[in-house]
Undergrad: 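Shown below is the structure under consideration.
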2 protein chains.
Amino acid sequence: MPDETDLTTQRVRNPWGQGDRLRTEILDAAVRLLSELGGAEALTIRGVARAAGIAPASIYQHFADKAALVRGVVEYDYERLSAVMREADESADTDDVVGRVRAQMHAYCRFAIANPGHYRLMLGNRRVAREPDGRPRGPLVPVVESVAAAFERCERAGARLRLPSDRAAVMVFVGTHGRVALFHSGRADEDADRILQFVDELISLVVE
Amino acid sequence: MPDETDLTTQRVRNPWGQGDRLRTEILDAAVRLLSELGGAEALTIRGVARAAGIAPASIYQHFADKAALVRGVVEYDYERLSAVMREADESADTDDVVGRVRAQMHAYCRFAIANPGHYRLMLGNRRVAREPDGRPRGPLVPVVESVAAAFERCERAGARLRLPSDRAAVMVFVGTHGRVALFHSGRADEDADRILQFVDELISLVVE
DNA sequence: GCAATCGCCGAACAATCGTTCGGCAACTGT
DNA sequence: ACAGTTGCCGAACGATTGTTCGGCGATTGC
């Protein structure tokens, strides 16, 4: 009955409820390690175990192998990113429709700047997940869908877009992503405000 | 007199002319290996030696250590990229000023698609190079300067830009880079034409 | 109170990594 | 023709990697 491998995160054993505490502790330790040190190559079984204060062998009771650990970390971080962007969208002024787009993208930038290791990990692992109907579904498809919804609101509120709302969302998201990626492969001491300025410039290029 | 370490590429020994042949053969083998397999972690001393058909120890007569090899590969690839973009710019129709921008960015995309390993390597290594006067000088500063020159030509030719020419160049380059980065972290079977279409959409958003 | 179960760990395994050393073969200068 | 130099390689070293195995201590069920 054990060894019930969950296909989404390759969780193994431990399907009895409260025992997941150490599992999230492992993930937290991995994220912490990934933020302090540089990239994905810093994510080693021994390193995560040391950061979590447990033995390397103990990790294998929560993750089948290292690939499963990496998948778990990626999924964990995407959840955090989605939550941050959703929160920024909801806590913005409801009347300022384009301001809600800005809030979302600013949250995206702040998250990307604060979690450089997450980016290295994401850029290093190809995702080939697909919907049951065959349509592709990467982990940040819901993110750009959220941006697309914000742009749709702009359109309904009468804002003039230079692109269809879905294309506008892709344009803004891709541009922002490119700016952040360039930040991460460039100097670490660059001013974070520059990035937010770029995002504003990009949005104002699309929206009016 | 040996061990004359060249600071730009950390070349070591072998300053007698023709002996550089094997050095470029090593770099070619590294690029080949980097293109076939995935990312920067595939770039091992033993792997490069095997791909070049030589012994692992022989590499140390052309590069001081692995870091020097990586620096050499990165520099080598940036030179190839610059050459490809310059060639695309020069061989385009001289009268079609915005067409020359498109040609440059399309060349950038084609190079990035054809050399995925180069991207992984670039995104994984922070560059902190600076000019003698203290201004930062990343390896792709000349690239965006080339795009900026093309946009300046557009401005002089009477094309209406929605941004100052230097900001327009940054916008187009960053957006293109983001699209390519997303391609590399997404499905490998994505149609390359999609990316070129996106670049055209981005340019037409800036130029008119 | 006893036996079974379960999470955890210390230790070891094989593989691979970057790197060094000593010697071999070929070329050079005289 | 000989001695010296030089590029290259086979073999090894130490470190680190992912992973497995056997047992220990605590908790659970009866």
Side-chain angles (χ1 to χ4, degrees), chain A residues 1-6 10-30 33-34 37-73 120-121 124-125, chain B residues 1-6 10-30 33-34 37-73 120-121 124-125:
Chain A
M1 218 55 42
D3 245 30
E4 175 181 340
T5 51
D6 179 347
Q10 284 276 13
R11 185 183 316 171
V12 67
R13 301 200 187 95
N14 221 22
W16 48 88
Q18 193 263 3
D20 280 357
R21 215 197 61 231
L22 187 53
R23 186 174 191 273
T24 67
E25 242 170 72
I26 292 175
L27 289 176
D28 275 325
L33 187 79
L34 215 48
L37 304 177
E41 73 279 1
L43 198 65
T44 107
I45 293 278
R46 282 176 162 86
V48 172
R50 202 179 314 124
I54 61 177
S58 303
I59 292 190
Y60 288 87
Q61 260 154 4
H62 299 268
F63 300 92
D65 52 2
K66 189 192 172 178
L69 211 200
V70 171
R71 275 194 299 267
V73 172
R120 306 289 179 87
L121 203 63
N125 286 59
Chain B
M1 225 53 44
D3 246 29
E4 176 180 340
T5 51
D6 180 346
Q10 284 277 14
R11 186 182 315 171
V12 66
R13 300 199 188 97
N14 221 21
W16 47 89
Q18 193 263 3
D20 280 356
R21 216 195 62 232
L22 187 54
R23 186 173 190 273
T24 66
E25 242 170 72
I26 291 175
L27 289 177
D28 275 327
L33 187 78
L34 216 47
L37 305 178
E41 75 279 0
L43 198 65
T44 112
I45 293 278
R46 283 178 161 86
V48 172
R50 202 178 314 123
I54 60 176
S58 303
I59 292 188
Y60 287 87
Q61 261 155 2
H62 299 270
F63 300 92
D65 53 3
K66 188 190 174 180
L69 210 200
V70 172
R71 275 194 298 269
V73 172
R120 306 289 177 89
L121 203 63
N125 285 61

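Reminder, nothing fancy here: chain letters follow the sequence lines and each chain counts from 1. The analysis underlying the following values was restricted to heavy atoms, covering all of them including side chains, and did not include hydrogens, waters or symmetry mates.
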Undergrad: What residues, two or more places apart in sequence or in another chain, satisfy side chain to side chain contact (heavy atoms under 4.5 Å, CB included) together with A67(A)?
TA: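 In terms of side chain to side chain contact (heavy atoms under 4.5 Å, CB included), with neighbours along the sequence ignored, A67(A) is linked to D65(A), R71(A).
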Undergrad: List in numerical order all residues of residues 48-55 of chain A for which some heavy atom is under 4.0 Å away from an atom belonging to DNA chain C.
TA: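 Of all residues in residues 48-55 of chain A, the ones placing a heavy atom under 4.0 Å from DNA chain C are I54(A), A55(A).
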Undergrad: Atom NE2 of H62(A) to atom P of dC6(C): distance rounded to whole Å?
TA: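 One finds 14 Å between P of dC6(C) and NE2 of H62(A), rounded.
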Undergrad: From the options dG18(C), dT19(D), dC8(D), select the nucleotide whose nearest atom is closest to the side chain of T44(B).
TA: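 Output: dG18(C).
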Undergrad: Could you check which of dC8(D), dT19(C), dT20(D) has an atom nearest any side-chain atom of I45(B)?
TA: dT19(C)
Undergrad: Rounded to whole angstroms, how far apart are CD1 on I59(A) and P on dT19(D)?
TA: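 In whole Å, dT19(D) P lies 10 Å from I59(A) CD1.
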Undergrad: CD1/I54(A) to CD/Q61(A) distance, rounded to the nearest 0.5 angstrom?
TA: 9.5 Å
Undergrad: For R23(B) and dC8(D), what is the distance between atoms CZ and C1' respectively, to the nearest whole Å?
TA: 17 Å
Undergrad: To the nearest angstrom, how far is E41(B) atom CD from dT16(C) atom P?
TA: 15 Å
Undergrad: With rounding to the nearest 0.5 Å, note down the distance linking CD in E41(A) to CG in L121(A).
TA: 10.0 Å
Undergrad: Mind checking what makes side chain to side chain contact (heavy atoms under 4.5 Å, CB included) contact with T24(B), not counting sequence neighbours?
TA: none
Undergrad: State which of dA12(D), dG18(D), dC8(C) makes the closest approach to the side chain of R46(B).
TA: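 So the side chain of R46(B) is nearest to dA12(D).
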Undergrad: Got L27(B) and F63(B) here, is their nearest side-chain heavy-atom distance under 4.5 Å?
TA: yes
Undergrad: Check the distance between dT19(D)'s P and Q61(A)'s CD and give it to me in whole angstrom.
TA: 15 Å
Undergrad: Name the closest nucleotide to the Y60(B) side chain, picking from dT20(C), dC8(D), dT19(D).
TA: dT20(C)
Undergrad: Mind listing the closest non-hydrogen atom pair of I59(B) and A49(B) along with its distance?
TA: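 Where I59(B) meets A49(B) most closely, the heavy atoms are CD1-N, 3.8 Å.
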Undergrad: Which pair of non-hydrogen atoms, one from L33(A) and one from A42(A), has the smallest distance, and what is that distance?
TA: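 What the structure gives for the nearest pair is CD2-O, 3.4 Å.
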Undergrad: What residues, two or more places apart in sequence or in another chain, satisfy side chain to side chain contact (heavy atoms under 4.5 Å, CB included) together with R50(B)?
TA: R46(B)
Undergrad: To the nearest 0.5 angstrom, please state how far the CG atom of L43(A) sits from the CG atom of L69(A).
TA: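 Rounded to the nearest 0.5 Å, the CG-CG separation comes to 6.0 Å.
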Undergrad: Extract from the structure each pairing of a protein N or O with an N or O of nucleotides 21-28 of chain C at less than 3.5 Å, listing the distance.
TA:
none

Undergrad: Rounded to the nearest Å, what distance is computed from the CD1 atom of residue I26(B) to the P atom of nucleotide dC9(D)?
TA: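 From I26(B) CD1 to dC9(D) P: 9 Å.
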